[in-house]
Amino acid sequence: MFKLITAAIVAMCLWAPSIHAAETDHAALREDSLQVLEAQFGAFRTATGQLSEASRAHCAGEMDEAAYEDAFRATWLAWAPLDAYQFGPVEQNAAVLTVAFWPDKKDFVGRGLKSLLAQPEDSLSMPETIAAQSAAVQGLPAIERLLFTEMAACPAIVGISANIENTAIALYDGWFAEDGFVDLARSAGPENPFFATDAEFTKLLYTAIDFELTRIADTRLGRPLNSYDKPMPRRAEAWRSGLSLQIIDAQLAGIQMLLRDGFGNNLFSPSKFWVDGAIDDTRARIDVIGAPLGSAVSDPLQRARVEALQTRILDLQQQFAEDVGPELGVDTGFSAADGD
Amino acid sequence: MKRRHFLFVAGAGIASAKLAWADIGSSLYLTAGNRPDNSAWLVGVSLSGEIRFTLPLPSRGHAAAAHPFRAEAVAFARRPGNFALVLDCGTGREIARLSTPEGSHFYGHGAFTADGRHLLTTENAYDVPEGRIGIWDVERGYQRVGDVPSGGLGPHEIIRLRDGHFAVANGGIQTHPDFQRAKLNIPTMQTNLSILSESGEIMEKTEFPDDMRQNSIRHIDTDGQGNVIAALQWQGAPGRVVPLVARFAPGGEYEFLSHPDTARLKQYAGSISVSALGDRIAVTGPKGDHVLFLDGDGRPLEASSLPVASGVAKAPGGFLITCAGGLVHRQQGRTVELPVDGGWSWDNHLVRVS
């Protein structure tokens with residue numbers, strides 16, 4: 001059974017389980033997907049610019065609270081789909097924590113804001129002041145806390161929103177500027193220090209979807225649901241602004257966009273329409289809950305709808321694994337290359 | 001549990017008698033692996049690639065640590081797992097199970113003290129956040145007796161050095177189970193190699209300069225000269241090509257060891273091992289499907305293509321390496337294939353226990 005060979009390439013190890021043989025054009029899929037990502041990262045950059053402007057106007061008394069809250073909500077919903085892409089520029093900038101610090105079991109946002117507001121008032125409108133603070137006060141949850149409690153929102157929201165805008169620009173440029181992550185993705189090969197093949201970028205995006213669905217089901221819904229006897233309304237993300245379910249909807253919409261416009265040309269019916277329809281169905285279940293997530297988990301009827309949504313998200317994840325992954329020739333399966 | 005290989009002793013009639021490694025006979029290696037149905041197992045394999053035993057694990061495993069003289073080893077969950085099982089390596093049976101205290105999880109590695117009295121484990125106290133070294137009393141059935149700081153965030157591999165001290169690779173990366181496996185502090189991370197005394201005091205801490213502080217020290221081995229050789233995982237700008245091997249001399253001096261085929265590893269050096277004679281270093285790249293070899297002085301030798309090259313351990317004449325489809329025994333530049341049936345996907349490490 002033992003065979004001695006001297007070649008550097010070991011034939012046996014080419015028995016690696018071949019994942020799939022479908023003719024996925026990974027380079028084309030990458031280009032389609034990059035358009036989706038550019039739209040998503042671009043929308044976040046635009047929203048943060050508008051929020052910065054709105055913060056200045058609001059603190060100058062030129063914009064009322066309701067209009068400001070609209071700009072705030074729009075920014076969070078523009079961020080929501082980016083939560084899935086926790087690699088490359090998002091990871092390099094630690095943006096998941098600095099933009100949307102959550103879960104916050106130990107009230108880092110509240111404590112951090114207390115120490116932030118102790119700084120000289122005229123320094124609070126400067127993004128540099130904010131960037132030097134704990135991640136918990138650098139992003140949207142800090143603005144939310146300032147807006148929905150009795151704390152003094154101005155001028156801190158000016159500095160915090162300018163800091164978020166800086167992050168949004170860094171993310172966009174990290175992806176799409178010269179020598180950005182896109183250039184790395186487009187030059188896969190032996191000399192590329194990150195991507196060996198074009199298929200790896202497909203796998204990265206596919207894994208990101210799987211990751212986001214897990215995060216929605218286990219964390220975004222699972223934490224406030226807790227147990228029937230002990231629901232935890234204040235564990236819902238953004239419960240103060242009541243945005244929790246809209247954030248989840250925006251994440252599903254982001255996944256749907258990537259499926260349709262990014263993967264779509266490499267997916268065939270019925271898979272594409274089947275999974276696309278499943279996302280529609282999942283999003284429709286959000287609409288019927290009838291209350292913000294924080295209060296829904298404590299109401300028997302609404303809670304049942306939240307639990308049904310959670311189950312539906314896990315089913316959706318399964319559908320991706322059965323219909324989308326195999327067709328694209330990728331999976332999230334076990335591999336020593338997952339890293340540790 | 002399947003036990004293809006069962007060793008005597010039970011017949012001695014002393015149920016509590018502890019097997020010594022010499023009783024095991026030929027060499028035994030441990031690795032974690034998954035079957036095609038995604039079930040997780042701890043697998044004992046011989047030098048010839050024969051499976052000695054398989055033991056089901058509650059979830060994906062990572063590495064193992066061998067007791068210095070009792071034929072016992074501890075297999076760890078992969079982060080963020082919170083279990084470890086103590087294994088009788090004669091029978092392949094679980095004899096104890098460890099779990100981390102509330103608010104902590106294992107990172108997947110551990111090491112025994114030279115006298116075999118204590119087991120040290122790398123852990124994440126994730127709400128603090130702080131790297132900790134858990135201490136477990138072997139004589140008292142692996143009871144937890146306490147924990148001490150690891151010297152940094154993300155302590156990953158811990159090894160015992162020949163003077164009885166420990167080297168700890170503090171990877172520097174903050175993770176939290178609420179964020180699954182996401183890395184939370186990449187912009188500010190600072191990796192270090194810490195040397196701990198037998199009682200767990202931090203005696204020495206070596207950090208890289210600013211432009212290399214994101215070159216995460218994750219897996220380590222020691223050579224015959226008392227140096228620590230480290231496999232690194234680059235977390236900085238993804239397009240930058242940096243060395244992925246470093247050598248630390250006693251006292252904290254270090255140097256990066258470069259290799260012309262470093263880019264093949266895709267920023268990720270997996271396991272590392274120095275040969276028994278100290279004349280070869282092997283570094284696996286499961287992401288890049290390659291193994292890099294260096295000589296005992298750290299000069300680059302060849303690079304070999306080896307799909308999903310994962311765990312590497314000392315073996316007669318060189319190394320035993322896990323890869324897609326089985327193992328290879330690499331000796332004096334030659335490679336012997338050791339196919340293993342069962343469609344196994346190996347996890348990152350292969351540990352020689354006897």
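This structure is a prediction, so every number in the text was calculated from the model and none was measured.
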Counting only heavy atoms not in A:Arg111 (residues, nucleotides, ligands), do more than 12 fall under 6.0 Å from its CZ?
yes
Part of B:Gln235 within contact of chain A (heavy atom distance under 4.5 Å)
both
Heavy atoms of A:Arg215 and B:Asp178 approach each other most closely as NH1-O, 3.7 Å
Region of B:His176 that comes under 4.5 Å of a non-hydrogen atom in chain A:
side chain
Look at A:Thr197, A:Thr214, A:Leu97 and state which one has the largest set of heavy-atom pairs under 4.5 Å with chain B.
A:Leu97
Find the distance between CG (B:Asn185) and CD (A:Glu91) and round it off to the nearest 0.5 Å.
10.0 Å
How about residues 166-175 of chain A versus chain B: which residues have heavy atoms under 4.5 Å apart?
none
Heavy-atom pair of closest approach, residues A:Ala94 and B:Leu184:
CB-O, 3.5 Å
Under a 4.5 Å cutoff for heavy-atom pairs, which residue among B:Gly236, B:Ser216, B:Gly343 has the most contacts with chain A?
B:Gly236
Is there a side-chain contact between A:Gln92 and B:Lys183, using heavy atoms and a 4.5 Å cut-off?
no
Which portion of B:His62 sits near chain A, non-hydrogen atoms under 4.5 angstrom
side chain
From the list B:Pro187, B:Gly270, B:Gly171, the residue making the most non-hydrogen contacts under 4.5 Å with chain A is B:Pro187
Which answer fits B:Asp261, side chain, backbone, both or neither, if we ask what part of it has an atom under 4.5 Å from a heavy atom of chain A?
neither
Residue pairs passing the side chain to side chain donor-acceptor pair (under 3.5 Å) test with at least one member in residues 177-190 of chain A, sequence neighbours excluded, are A:Glu31-A:Arg186, A:Ser187-A:Asn192
Atom CZ in A:Phe194, atom NZ in B:Lys266: separation rounded to 0.5 Å?
10.5 Å
Check whether B:Gln267 gets within reach of chain A through its side chain, its backbone, both or neither, counting any heavy atom under 4.5 Å.
both
A:Asn93: side chain to side chain donor-acceptor pair (under 3.5 Å) partners, not counting sequence neighbours
none
Highest number of heavy-atom pairs under 4.5 Å with chain B among A:Gly189, A:Ala135, A:Pro190 belongs to A:Pro190
What part of B:His329 gets within 4.5 angstrom of chain A, counting heavy atoms only: side chain, backbone, both, or neither?
neither
Donor-acceptor pairs under 3.5 Å, side chain of residues 320-328 of chain B to any protein atom, not counting sequence neighbours: which ones?
residue  : atom : partner  : partner atom : Å
B:Thr322 : OG1  : B:Gly311 : N            : 2.7

Side chain, backbone, both or neither: which part of A:Glu191 has a non-hydrogen atom closer than 4.5 Å to chain B?
both
Portion of B:Arg218 that has a non-hydrogen atom of chain A nearer than 4.5 angstrom
side chain
In short, B:Ala182 meets A:Gln86 closest at the heavy-atom pair CB-OE1, 2.9 Å
Whatever's closer than 4.5 Å to a heavy atom in chain B on A:Phe87 counts as neither
Looking at A:Ala196, is its backbone amide N or carbonyl O close enough to the side chain of B:Lys287 to form a donor-acceptor pair, meaning the two atoms are under 3.5 Å apart?
no
Measure the shortest side-chain to side-chain distance between B:Phe179 and A:Thr219 over non-hydrogen atoms and say whether it is less than 4.5 angstrom.
no
